[in-house]
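Written out below as structure tokens is the structure these notes cover.
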Amino acid sequence: MNCVSKKYVSLMNKVLDQEATEQEKQVLFEHLATCAECRVHFNELKESTELLRRLTHPQLPAAFTESVLNQLPPDKRNAIHKWGSRHPVLTTVAICALPMSLVVIGSRRQTRNRNGYALVKVSGDQT
Amino acid sequence: MDQSEKRLIKKIRKGDQQAFAELVERYKNSVFAICLRMVGNAQEAEDLSQEAFIRAYNRIDQYDHDRKFSTWLFRIATNLSIDFLRRRKNNVSLDAVVPGTEGLSLNTMLPDEGEQPEDQMVRKETEEMVQEQIKRLPDKYRSAIVLKYIEDLSLKEISEIMEIPVGTVKTRIHRGREMLRKNMITEGGGRA
Ligand SMILES: [Zn+2]
């Protein structure tokens, strides 16, 4: 490789990057017309990238998106966070109310426990 | 970035997974193409693509909406692929079991309508040769070359994805291109 000098290689790169001016293009192509060595070099560069461009773009299986969704963390945390930031007072009330309602539910359950028949009936409805 | 995408991302930040599904549909094949050409194996590339989307979802708060969403997403995909290649490099036995182009089977390669079997075979061989050449590029040249010639991105977009100056992107593409040229003429078609 004698002629493939820095000057022409850098022009080739500019042309391939589509950043060459009309004048630069002209300088390169005039040289390529007379220099076989540079012509071969330039064509080889173009051909190799052309091969890359022509690679197939395979498609993913149709189930791909669903499979991604299935692996996302459940969005409950986000839902509570979102709701909470919009209604801070309500959230506080809700958090305070939670143990209270547990007490209420607990005492109800106890009431039902005394009445065995009702408890069976309730759990039967739930399943 | 287009408005519909901005709206989608707002919804995703609030935990709307259906909105996220729309983005996955929009970008899944680009992400897959990047991963596939980076690692050269369809199954690994599919796993990496999944990982990229899951990571994007989990880190959506870190996404800066002044940038293109695809820039951010492609950065995640490229980084995951490079990490994968480094892990694989450190695991020689695995590399021996999983040759570069295995997994590029017919179910992932869409044959052209009406293409003759011989043409298909020639194309498959060419693709394998090209993939092998990509695989031989050093990581940093490979990312630049894949983003440029597989995704057809501008030098500016590549510089944003790789978080390096445009000048550095150019250098990497020039060197990568020159390496491909040399390797292809010595091993590809025997034209030298
Ligand atoms: Zn010359």
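Since the model is a prediction, treat every value here as computed from it, not as a measurement. In the text below, chain A, chain B and the rest are named by the order of the sequence lines, each starting its count at 1.
- Using modelled atom types and a 3.5 Å distance limit, the side chains of Glu178(B) and His41(A) yield a donor-acceptor pair.
- At a cut-off of 3.5 Å, with distance as the only test, a side-chain donor of Asp47(B) or Gln43(B) sits close to an acceptor on the other residue.
- Separating the CD atom in Glu5(B) from the CD atom in Glu22(B) is a distance of 10.5 Å, to the nearest 0.5 Å.
- Contact tally against chain B (heavy-atom pairs below 4.5 Å) for Leu16(A), Val68(A), Thr65(A), Val40(A): the top residue is Thr65(A).
- Contact of Ser49(B) with chain A is made through backbone and side chain together, with heavy-atom distances under 4.5 Å.
- Salt bridge absent: Arg136(B) and Glu132(B) never bring a charged side-chain N and a carboxylate O closer than 4.0 Å.
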Candidate pair Ser67(A) and Gln50(B), rule side chain to side chain contact (heavy atoms under 4.5 Å, CB included), full reasoning: CA-CA 8 Å; Ser67(A) 155; Gln50(B) 286 203 9; 2.8 Å; yes
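- Only the side chain of Glu19(A) comes within contact range of chain B, with heavy atoms under 4.5 Å apart.
- Between Glu44(A) and Lys182(B), none of the side-chain N atoms (NZ, or NE/NH1/NH2) sits under 4.0 Å from a carboxylate O, so this pair counts as no salt bridge.
- In summary, Arg75(B) and Glu160(B) do not engage in a salt bridge, as defined by a charged side-chain N under 4.0 Å from a carboxylate O.
- Side-chain contact of Gln131(B) with Glu127(B): a donor-acceptor pair under 3.5 Å is absent, judged by distance alone.
- For residues 139-150 of chain B, a heavy-atom distance under 4.5 Å to chain A picks out Ile145(B), Tyr149(B), Ile150(B), given by residue number.
- Proximity to chain A (any heavy atom under 4.5 Å) is shown, for Ala21(B), by both the backbone and the side chain.
- For Lys170(B), the part lying near chain A is the side chain, with the backbone staying farther off; criterion is any non-hydrogen pair under 4.5 Å.
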